**Student:** 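Have a look at the structure that comes next, please.
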Amino acid sequence: MIRKIVTLTLHDLATAFKNKTMYLIIFIPLFVFTSLKLIDPQTVSFQKLRIGLIQTEIYNPVILRTIKAESALFSISSLSNAEEGKRWLKEKKIDGLLIRSEKNQDSLCLVVLRKDSRITLSIVEALSTVQQANEGRRLSWISDVKPLQESEIQKKSLPTWVLMLVLLISFIIIPAQVAEEKEKKLLLALLQTPIREIDWLFAKLFFGMISIIAAVIFLHLLGQFEVENIASYAVYLGLGSFCFSSYGILLGFLCRNQASARTLGVIFYLPNILPSALSDFSTKLTAIAPFLTSYQFYKPVSAILLDGEKISNLSYEWLSLLLSGLFTFFCSYHLIKKRWLM
Amino acid sequence: MQIEVRELTKAYDKKRGLFPTSFEVKKGELIAIVGHNGAGKSTLLKILANCILPDSGTVLIDGINLKDRMSLVRKIGFVPETPNLFDLFSVEYNLKLFARLFKIPFSRIEQMLNEFDLLSFRKNKIQILSKGLKQRVSIARSLLPNPPILLFDEPTSGLDFEMTKGIYQLLNNFHSQEKTIIFTSHRPEEIREFATRILILHQGRLVFNDSTEQYFRSETHQKLYKELYTQ
């Protein structure tokens, strides 16, 4: 009996190697470990706080002089205007941006990425300490702290969930379906009818796009999330669903069977979801993420949903999504024409 | 000639595949392609059905190059060895899907269901049907556009004696309707009665191409087949 169990277990392991499932067992922990290593550590060692100042802004000279004098504590970057400052903040080139407070001309408003982050607390504490050392206890220099993302936690995490849905359908569901049609020779049966290869590809593409858009709409209905810039969001969702459905079809085409498609899907899913979703927590991942197609979707969706950004200001992102989608669609067309692994 | 195959080649490796093969088929012929496993029978049929692309060579069907798939889809019906049907759907759905793609009226489906004794199974899902029934659905589906050429890959593989007889009966019926039929088989004895010509493939090469009578008269070819069969 034991011998039979061992034989069957070895057979299962061999099958897992054959259908490439085993790669996942190695790949997933390896990937998660690498990502965790890249997340910004809760540093015990001291790091300079990177503060941005606007060149054209008229600051209280005492505050300005004091902050600049504390070079061991602050690293100052001079920025041309508030827009550039916000961009630097989003790109994590600075930790906080100081602008003149609208309420009190002598005090400052600190603009940060997140109000409740450790870095915001550090800046406020450091400025308060510097102020106390120089002036004793007076009216605080910082009269206001403004986060760039003011929305509530559910809405803040919405771009991540949208990205997760899009990638789950694109990299897990679509490739498995394409591979199933190949594995069971159903695609060959369909190609015995007067449909062109491109018709089949378009059908699969529309299936993917409809599934993605329906899933996102369902999520919005459940969460009752309001979208300020609905037209831009719809266009982006359409473009994203096109690009990633096209990706999914290509992944399915690269595999002979469903098991391989699932494995390949996960291998593509994790690197695409993690750096994009975790880029807010890691400067290193922020540097890597722009090289991923998923980031070209996540970043604008995040900007539209959280900052009310418009598609006209996100031309690079939509263009790169469109081109990636067209490229992968062309590759799939080439493979179906060649009857690749069919 | 209805089918002209010229120097058709598809190599998987040095020994497996189909090596330069040429032959012609007249309208209304019933041709059996015989050979052992890996001889290249299925490869040849799949190339004719446009399922795989050849490395070189040409195939003309009614003077139309095989590469022009869209012009030929209504001329060729292909029945694979394992029925490739949508398992989760009913018999009727499978036929309707293909009828829609071929733009064939649904009355033709009724005709097919009736002709293939599938009326009582029309609402049954494919996954619960026996292999013989699946094969019948597969044949019915390939006949929907009423193609003049039918290709059958091992149509009797895995079927019992009665079902095998039924399939051969069907082939005979199609032949009597002046359809051109090419099918593959392991067992030349079975096809002795009705095949008009036999093509023997050995290691991807065509080694015999003549009438059934000639084949069974020729001891050399019988010996060759026996050798192949005992390999």
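Nothing here was measured: the structure is a model prediction, and the numbers come from that model.
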**Student:** So that I know where these two stand, are Y93(B) and F86(B) an aromatic pair - ring centroids less than 6.0 Å apart?
**Tutor:**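 Between F86(B) and Y93(B), which both carry aromatic rings, the centre distance is not below 6.0 Å.
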**Student:** Do NZ/NE/NH1/NH2 and the carboxylate oxygens of E197(A) and R339(A) come within less than 4.0 Å?
**Tutor:**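 Yes, E197(A) and R339(A) are salt-bridged.
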**Student:** Assess the side chains of T156(B) and T164(B): does a donor N or O sit below 3.5 Å from an acceptor N or O?
**Tutor:**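 No, T164(B) and T156(B) have no side-chain donor paired with an acceptor closer than 3.5 Å.
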**Student:** Look at the side chain of K10(B) and the backbone N and O of L53(B), then say whether any donor-acceptor pair between them is shorter than 3.5 Å.
**Tutor:**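 Answer holds: yes.
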**Student:** Taking the inter-plane angle between the rings of F244(A) and F297(A) on a 0 to 90° scale, is it parallel (under 30°), tilted (30 to 60°) or perpendicular (over 60°)?
**Tutor:**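 Plane angle over 60°, so perpendicular.
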**Student:** Using only heavy-atom distances, determine whether the side chains of N173(B) and S176(B) contain a donor-acceptor pair under 3.5 Å.
**Tutor:**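 No pair is found: no donor N or O on one side chain lies under 3.5 Å from an acceptor on the other.
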**Student:** Keeping R74(B) on the side-chain end and P194(A) on the backbone end, is there a donor-acceptor pair under 3.5 Å?
**Tutor:**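 Judged by distance alone, no pair lies under 3.5 Å.
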**Student:** Spell out the residues in residues 97-115 of chain B that have some non-hydrogen atom less than 4.5 Å away from a non-hydrogen atom of chain A, in order of number; otherwise answer 'none'.
**Tutor:**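 Within residues 97-115 of chain B, near chain A: L97(B), F98(B), L101(B), F102(B).
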**Student:** What residue, out of D199(A), L188(A), L187(A), has the most heavy-atom pairs lying under 4.5 Å from chain B?
**Tutor:**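 It is L188(A).
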**Student:** Between M342(A), R196(A), E181(A), K184(A), who has the most heavy-atom pairs with chain B when the cutoff is under 4.5 Å?
**Tutor:**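 Of the candidates given, the most pairs with chain B belong to R196(A).
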